[in-house]
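Reading through the structure tokens given below for one structure.
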Amino acid sequence: MDLSPLNRTTLAHVSKKQELKDSKVADSKTLNEVERENLFQKIDESKSYIGWALQILSPNTISTSMLQRTKYNLNAISHDTAIDLVQYALDSGVQLKEVFVDTVGPADKYEDKLSKRFPGIDVTVRPKADSLFPIVSAASICAKVARDRVVKGWSFSEDMGDVEADYGSGYPSDPKTKAWMLKYLDPVFGYPQFVRFSWSTAQTLMDSKGVTVHWDDDDEDGEKGAQRQNNKSMLAYFSASAGGKDQKSTHQTHRFFTERRLKNLDAL
């Protein structure tokens, strides 16, 4: 499902760098869940010199951005969200002196972009910054803990009945995640908004397990073109779904139609 990365920012007083380092914060990927939760608790309790903020990007937001006609890729989304978070800190009255960022794309170009956007602030952008700078490590912990909590407590906007909540971590390396995605793949509509459609794992499953449909265009006669390729045209598929003459006795009308009380035109 790959719930989108949560852009994050952690702010600490410049005189407290050693205290932050002594707290043993580390790249969230190197910590187990208990260690992350404990460190997050310490960060959250250290309000006298450290603060944090997150901007949540839903899977649906990222998919819509990346798959729309005018592409808005993941790098640009990440850059813009990081800029928004820095601006949020400034607007909140924080006197920023230094900014440390884990790079997305070429580090030198990203650093130059942020430096021009925020003149007067010392900006450092590095690959693997979450393992190099304690302040970025702290930010990665806040983001990972928040992400895991969002995944565990996800409330589906779609009416899917009793959905199994044991979908694992949401990463493609997790067997539970793979099993959940196979089970809840709709052959036409794909996945609920919980899953990022632009994620390659989701696209591969939809390509291999989804219904093959011929989309009519100006170069092909829809029905005949579909028949030549031994699959259904979009018109034929939805005619069957809505109760048309091509419908088989075992075919169940999809909830998309029943929820909207849609019927085939011939039945009206």
Side-chain angles (χ1 to χ4, degrees), residues 2-14 16-17 20-21 23 25-31 36 39-40 43-44 46-47 49-68 70-151 170-171 196 198-200:
D2 192 30
L3 186 70
S4 63
L6 304 178
N7 268 27
R8 71 276 186 181
T9 181
T10 307
L11 308 170
H13 197 282
V14 291
K16 299 291 186 177
K17 289 182 179 180
L20 185 59
K21 186 176 181 180
S23 69
V25 292
D27 178 1
S28 63
K29 294 186 291 295
T30 67
L31 304 170
R36 286 194 300 269
L39 284 168
F40 175 76
I43 292 169
D44 200 39
S46 302
K47 293 181 174 64
Y49 73 93
I50 189 169
W52 59 273
L54 299 171
Q55 183 166 340
I56 299 176
L57 302 175
S58 71
N60 190 48
T61 297
I62 292 184
S63 293
T64 301
S65 298
M66 295 179 68
L67 299 176
Q68 64 187 359
T70 303
K71 304 300 181 187
Y72 184 27
N73 65 41
L74 201 53
N75 282 12
I77 295 171
S78 182
H79 288 190
D80 289 347
T81 308
I83 288 171
D84 287 346
L85 283 167
V86 174
Q87 189 62 53
Y88 171 76
L90 292 170
D91 292 343
S92 299
V94 178
Q95 296 180 354
L96 285 178
K97 300 296 183 183
E98 302 172 334
V99 171
F100 296 87
V101 182
D102 193 359
T103 195
V104 177
D108 54 345
K109 292 183 178 179
Y110 192 10
E111 185 172 292
D112 183 59
K113 180 179 182 178
L114 291 173
S115 296
K116 289 179 178 177
R117 179 64 177 78
F118 300 106
I121 297 177
D122 185 12
V123 177
T124 301
V125 179
R126 295 288 185 276
K128 302 185 184 301
D130 43 7
S131 62
L132 298 174
F133 307 107
I135 191 66
V136 186
S137 300
S140 73
I141 290 169
C142 292
K144 185 67 170 71
V145 169
R147 179 201 178 278
D148 289 348
R149 292 182 182 182
V150 169
V151 170
Y171 295 114
R196 178 154 63 91
S198 56
W199 183 30
S200 60

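Just the heavy atoms: all of them, side chains too, but no hydrogens, waters or symmetry mates, feed the values below. Note that the coordinates shown come from a computational prediction; the quantities given were computed from them, not determined experimentally. Position 1 is the first residue of the sequence, and the numbers go up from there.
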Using 30° and 60° as the class boundaries, would you call the ring planes of H79 and Y110 parallel, tilted or perpendicular?
parallel
May I ask you to test the I43-W52 pair for a side-chain heavy-atom distance under 4.5 Å?
yes
Heavy atoms from other residues, nucleotides or ligands near NZ of K116 exceed 12 (cutoff 6.0 Å)
no
Any side-chain heavy atom of L31 sitting closer than 4.5 Å to one from L39?
yes
pair S131-T30: side-chain heavy atoms closer than 4.5 Å
no
Taking the side chain as everything from C-beta on, heavy atoms only, tell me whether K97 gets closer than 4.5 Å to H13.
no
For L132, give me all partners under side chain to side chain contact (heavy atoms under 4.5 Å, CB included), at least two apart in sequence or on another chain.
R126
Is any side-chain heavy atom of L96 closer than 4.5 Å to one of L11?
yes
Taking side chain as C-beta onward, heavy atoms only, is K144 less than 4.5 Å from F40?
no
Under a 4.0 Å threshold between the charged nitrogen and the carboxylate oxygen, would D148 count as salt-bridged to R36?
yes
Quick test of your reading: applying salt bridge (Lys or Arg N to Asp or Glu O under 4.0 Å), list the pairs with at least one residue in residues 82-93, sequence neighbours left out, ordered by first then second residue.
none
Surrounding CD of Q95 (heavy atoms of other residues, nucleotides or ligands, distance under 6.0 Å), is the total greater than 12?
no
Less than 4.5 Å apart, any side-chain heavy atom of V101 and any of T124?
no
Contacts of type side chain to side chain donor-acceptor pair (under 3.5 Å), residue D130, not counting sequence neighbours
K29
Considering residues, nucleotides and ligands other than Y88, do more than 12 of their heavy atoms fall under 6.0 Å from its OH?
no
Say whether S58 and T61, considering side chains only, have a donor N or O and an acceptor N or O under 3.5 Å apart.
yes
